[in-house]
Protein chains: 2
Amino acid sequence: MNIKDVAARSGLPAKTIRYYEEIGLIRPLRAANGYRAFRESDLHKLAFLGRARSLGFTIEECRALLALYEDETRASADVKALAERHLDQIAAKIRELEDMQKTLSDLVHACAGDHRPDCPILSGLAGTDQKDCCA
Amino acid sequence: MNIKDVAARSGLPAKTIRYYEEIGLIRPLRAANGYRAFRESDLHKLAFLGRARSLGFTIEECRALLALYEDETRASADVKALAERHLDQIAAKIRELEDMQKTLSDLVHACAGDHRPDCPILSGLAGTDQKDCCA
DNA sequence: TATGATGCTTCCAGTCACCGGAAGGTCAAG
DNA sequence: CTTGACCTTCCGGTGACTGGAAGCATCATA
């Protein structure tokens with residue numbers, strides 16, 4: 001299989017697939033003409049990587065997940081621990097965004113949004129309001 | 001004021017302040033010895049930028065906000081529109097993270113997390129489960 | 001006055017996970 | 001034999017900084 005087919009079947013851009021090879025996530029064979037020759041197992045790994053990335057795992061976490069995936073003697077506890085750490089990070093990020101959302105939507109609701117220059121959003125950012133705007 | 005005082009009072013690292021000058025967000029004066037000489041107005045702008053950044057505005061959005069802040073003839077509607085666009089992006093990001101969270105926590109809950117190798121998390125990522133794991 | 005510790009400057013490189021594009025080799029069809 | 005689609009590598013850019021090196025400036029102390 002050439003890269004374009006693998007891209008189509010894995011859902012990853014060809015550029016990304018080359019990048020994953022460069023950083024050692026996959027090691028496709030090479031044909032005599034220098035083209036990458038992908039096996040089904042390469043495709044399989046790329047699909048795995050695509051799903052892990054879409055769940056927000058970093059590349060290094062994906063590398064660890066792939067290593068666990070290929071290790072027949074793994075303990076599922078190790079996988080679970082990795083996933084739980086990542087879940088914690090997702091939760092933290094959500095909380096952070098919700099804090100921003102709350103602060104900013106308060107400011108937005110206080111703003112008339114008309115032709116006049118007076119603007120609680122800018123006042124809030126400038127810190128000229130009585131109450132604090134941000135953490 | 002030298003950069004370290006401004007850093008302490010604005011809460012931004014000195015590196016970041018230099019960077020903000022480099023990209024034209026602030027234009028502090030220079031003393032005879034080449035040191036940056038910050039005015040109160042520079043400090044004020046930096047604090048503004050720090051708050052806007054902490055609400056998740058990009059640098060370019062911060063630049064626009066700062067321009068609006070300094071424009072006495074602005075319409076608050078322009079500020080509000082910018083903030084609302086940003087709120088939409090925050091909401092979209094939260095939804096994306098919540099989708100990840102849901103999918104991943106389902107997988108985590110299905111995983112025994114013991115010494116055995118069988119792991120629904122890895123199966124889900126590999127796509128060998130009956131139900132789809134990711135969007 | 002010498003010295004050493006800070007503090008300031010600039011510049012270069014690295015981060016993360018790619019993406020775009022240029023220059024050039026390969027292949028199948030007409 | 002040419003055309004066009006494919007493949008290759010390499011270089012540079014993204015955003016918003018951060019770390020570190022090399023080299024002046026300033027200040028407190030001996």
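All of these numbers come straight from a predicted model, not from anything done at the bench. Protein chains get the first letters and strands the later ones, always in sequence-line order, with residue 1 at the start of each.
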Contacts of type side chain to side chain contact (heavy atoms under 4.5 Å, CB included), residue A47(A), not counting sequence neighbours: R51(A)
So, using side chain to side chain contact (heavy atoms under 4.5 Å, CB included) as the criterion, who are the partners of K93(A) when residues are at least two apart?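 Expected list: E96(A), L97(A), L97(B).
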Would you say that [X] contacts [Y] through its side chain, given a criterion of any heavy-atom pair below 4.5 Å between the two side chains?
X	Y	value
K80(B)	C119(A)	no
M100(B)	L104(B)	no
Q89(B)	F57(B)	no

Side chains of residues 108-117 of chain A: which donor-acceptor pairs under 3.5 Å do they make with residues two or more places apart or in other chains?
| from | atom 1 | to | atom 2 | distance (Å) |
| --- | --- | --- | --- | --- |
| H109(A) | ND1 | S105(A) | O | 2.9 |
| D114(A) | OD1 | R116(A) | N | 2.9 |
| D114(A) | OD1 | S76(B) | OG | 3.3 |
| D114(A) | OD2 | R116(A) | NE | 2.8 |
| D114(A) | OD2 | R116(A) | NH2 | 2.6 |

Separation of dT14(D) atom C1' from E60(B) atom CD, nearest Å, is 12 Å
Could you identify which residues of residues 17-28 of chain A place a heavy atom less than 4.0 Å from some atom of DNA chain C, listed by residue number, or say none?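 Output list: Y19(A), Y20(A).
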Strand contacts (DNA chain D) in residues 2-11 of chain B, 4.0 angstrom heavy-atom criterion: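 Contacts with DNA chain D under 4.0 Å: none.
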Please list, in numerical order, the residues of residues 31-40 of chain A that have a heavy atom closer than 4.0 Å to any atom of DNA chain D. G34(A), Y35(A), R36(A)
Could you note down all residue pairs passing salt bridge (Lys or Arg N to Asp or Glu O under 4.0 Å) where residues 27-49 of chain A supplies at least one of them, sequence neighbours left out?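 Non-adjacent pairs meeting salt bridge (Lys or Arg N to Asp or Glu O under 4.0 Å): R9(A)-E40(A), E21(A)-R30(A), E21(A)-R36(A), R39(A)-D42(A), K45(A)-E70(A).
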Kindly compute the distance separating [atom1] ([X]) from [atom2] ([Y]), expressed to the nearest 0.5 Å.
X	Y	atom1	atom2	result
L107(B)	I121(B)	CG	CD1	6.5 Å
L125(B)	F48(A)	CG	CZ	4.5 Å
I26(A)	I23(A)	CD1	CD1	9.5 Å

Find the bend of the helix from dT1(C)-dA30(D) to dG30(C)-dC1(D) as the angle between its two terminal axes (five pairs each), to the nearest 10°.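 Comparing the axis at each end, I get an angle of 30°.
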Applying ring pair (Phe, Tyr, Trp, His ring centres under 6.0 Å), can you list everything that pairs with Y35(A), at least two apart in sequence or on another chain?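 None.
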Quick one: list whatever passes ring pair (Phe, Tyr, Trp, His ring centres under 6.0 Å) with Y20(B), sequence neighbours left out.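 Y20(B) satisfies ring pair (Phe, Tyr, Trp, His ring centres under 6.0 Å) with no other residue.
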[X] side chain to [Y] main-chain N or O, any donor-acceptor pair under 3.5 Å?
X	Y	result
E22(A)	Y19(A)	no
H86(A)	L55(A)	yes
T16(A)	L12(A)	no

What closest approach, in Å, do A14(B) and I3(B) show between heavy atoms, and which atom pair accounts for it?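 Nearest heavy atoms, A14(B) then I3(B): O-CD1, 3.6 Å.
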Nearest-nucleotide comparison on DNA chain C, the residue closer to the 5′ end among R30(B) and T16(A):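 Per heavy-atom nearest nucleotide, the more 5' residue is R30(B).
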Please assess R95(B) against E98(B) for the test salt bridge (Lys or Arg N to Asp or Glu O under 4.0 Å), listing each intermediate value before the final yes or no. CA-CA 5 Å; R95(B) 277 194 303 275; E98(B) 283 173 345; over 6 Å; no
All N/O pairs under 3.5 Å across the protein-nucleotides 20-23 of chain D interface:
| from | atom 1 | to | atom 2 | distance (Å) |
| --- | --- | --- | --- | --- |
| dG20(D) | O6 | K15(B) | NZ | 2.2 |

Check every nucleotide of DNA chain C for an atom under 4.0 Å from a heavy-atom of chain B, then give the first and the last such nucleotide from 5' to 3'.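 The contacted stretch runs from dG7(C) to dC11(C).
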